[in-house]
Amino acid sequence: MATPQDNHFVKWLATKLSLVGYEVWTDVTELQGGDVFWGDIEAVIRNRAAKVIFVHSEFAKAKTGTRKEVYLALKVGEKLGQKRFVIPLRIDDSAFDDTFIELVDIQAIDCRSDWLSGLNSLLTLLQRDGIRRDASIGADRFADLVGKAISPHFSLSNASETLVSAGLR
């Protein structure tokens with residue numbers, strides 16, 4: 001769940017989750033002109049979602065549509081008996097206590113300073129909760145790369161080095 005102003009983050013996140021092997025549905029990537037979007041969004045939350053990711057930003061609280069989606073997702077999570085059905089992601093410096101009251105006591109994943117770290121935290125949570133994914137070789141390789149990018153086994157230094165090159169014609 002997100003606002004149109006946050007579509008750049010939603011597209012980035014959806015691409016990364018898909019690369020790791022998760023089936024992802026977003027209004028940005030799935031809805032087309034003429035679609036009855038509230039019905040589609042409700043059907044996905046009620047019938048297809050394993051988790052609902054809420055993108056918290058300065059724009060989110062002002063939108064009544066996102067509040068409806070959050071409320072519905074929390075109720076569906078309750079009905080399913082899932083404690084972590086809704087996962088808030090913070091992507092900007094807006095105050096989290098300025099979010100919907102329904103989300104105030106739910107721990108958010110912090111993506112504010114580093115989207116990749118937030119993605120790694122989200123992947124860890126999805127794996128811990130046993131969310132099914134296509135664990136193809138490509139998906140596993142990408143998941144490994146994300147983990148290594150967060151804590152690389154090398155360090156960068158500010159030192160000069162010699163470059164040896166040859167030109168061929």
Side-chain angles (χ1 to χ4, degrees), residues 1-32 35-57 59-61 63-92 96 99-112 114-150:
M1 287 179 250
T3 61
Q5 295 89 339
D6 299 320
N7 283 350
H8 59 288
F9 176 79
V10 171
K11 289 176 186 176
W12 177 87
L13 182 64
T15 301
K16 302 309 179 241
L17 289 172
S18 293
L19 285 171
V20 175
Y22 289 105
E23 182 181 343
V24 178
W25 188 97
T26 73
D27 59 350
V28 176
T29 58
E30 301 297 326
L31 294 178
Q32 298 180 16
D35 286 347
V36 182
F37 61 92
W38 285 123
D40 288 352
I41 291 169
E42 180 180 4
V44 168
I45 292 171
R46 287 187 188 278
N47 305 315
R48 292 183 47 206
K51 297 284 183 191
V52 175
I53 298 170
F54 173 70
V55 177
H56 179 272
S57 73
F59 306 106
K61 187 157 181 167
K63 304 287 184 178
T64 57
T66 51
R67 180 175 218 128
K68 290 177 184 178
E69 292 172 30
V70 164
Y71 183 78
L72 175 62
L74 289 168
K75 289 299 179 188
V76 169
E78 262 179 42
K79 184 178 178 183
L80 296 173
Q82 288 192 26
K83 293 181 182 178
R84 285 186 299 270
F85 188 67
V86 177
I87 305 166
L89 301 181
R90 297 185 68 191
I91 65 168
D92 67 13
F96 192 70
T99 190
F100 305 131
I101 193 166
E102 297 91 345
L103 295 174
V104 169
D105 63 345
I106 299 176
Q107 181 67 34
I109 293 176
D110 192 350
C111 301
R112 292 174 294 173
D114 182 4
W115 289 1
L116 195 56
S117 291
L119 173 62
N120 196 41
S121 295
L122 178 59
L123 292 175
T124 300
L125 184 147
L126 294 174
Q127 183 178 13
R128 181 183 70 203
D129 285 358
I131 303 304
R132 191 177 57 83
R133 69 181 183 96
D134 174 9
S136 66
I137 293 171
D140 284 342
R141 177 77 180 119
F142 183 75
D144 288 344
L145 288 173
V146 169
K148 288 176 182 168
I150 301 304

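Distance alone, capped at 3.5 Å, places no donor-acceptor pair between the Arg90 side chain and the Ser57 backbone.
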Take Leu119 and Leu123 through the test side chain to side chain contact (heavy atoms under 4.5 Å, CB included) and record every step on the way to the result.
CA-CA 6 Å; Leu119 173 62; Leu123 292 175; 4.0 Å; yes
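The two residues Lys51 and Ile131 have their closest heavy-atom pair at CE-CD1, 3.8 Å. Taking each heavy atom of Asp110 and Arg112 in turn, the nearest pair found is OD2-NH2, 2.7 Å. Scanning all heavy atoms of the two residues, the minimum distance from Tyr22 to Arg132 falls at CD2-O, 3.6 Å. Contact detail for Phe54 and Ala60: the closest heavy-atom pair is CZ-CB, 3.7 Å. When all heavy atoms of Glu42 and Leu72 are compared, the closest pair comes out as CG-CD2, 3.7 Å. Residues Glu69 and Ile45 approach most closely at O-CD1, 4.1 Å, considering heavy atoms.
Checked against the 6.0 Å centroid threshold, Tyr71 and Phe100 do not count as a close aromatic pair.
Relative ring orientation between Trp115 and Phe9 is described as perpendicular, the plane-to-plane angle rising above 60° on a 0-90° scale split at 30° and 60°.
In this structure Gln5 satisfies the side chain to side chain contact (heavy atoms under 4.5 Å, CB included) test together with Thr3, Phe59, Lys63, sequence neighbours excluded. The side chain to side chain contact (heavy atoms under 4.5 Å, CB included) check on Arg128 picks up Arg84, Leu125, with sequence neighbours excluded.
Between Leu74 and Val70 the shortest side-chain heavy-atom distance falls below 4.5 Å. By the 4.5 Å heavy-atom criterion applied to side chains, Leu103 and Ile106 are counted as neighbours. Side chains of Val76 and Val52 form no contact here, defined as non-hydrogen atoms less than 4.5 Å apart. Side-chain contact between Leu13 and Leu89 is present, with heavy atoms from C-beta onward closer than 4.5 Å.
Salt-bridge formation is not detected for the pair Arg133/Glu23: no Lys NZ or Arg NE/NH1/NH2 atom is positioned less than 4.0 Å from an Asp or Glu carboxylate oxygen.
By the neighbour-count criterion of 12 heavy atoms within 6.0 Å, atom CD of Glu30 is densely surrounded, having more than that number from other residues, nucleotides or ligands.
Leu122 contributes atom CG, which lies 13.5 Å from atom NZ of Lys16 (distance to the nearest 0.5 angstrom). With rounding to the nearest 0.5 Å, the separation of CD1 in Ile91 from CD1 in Ile109 is 13.0 Å. Atom CG in Asp92 sits 11.0 Å away from atom SG in Cys111 (nearest 0.5 Å). In this structure, CG on Asp27 lies 7.5 Å from OG1 on Thr29, to the nearest 0.5 angstrom.
Of the N and O atoms on the side chains of Ser121 and Thr124, not one donor lies less than 3.5 Å from an acceptor on the other residue.
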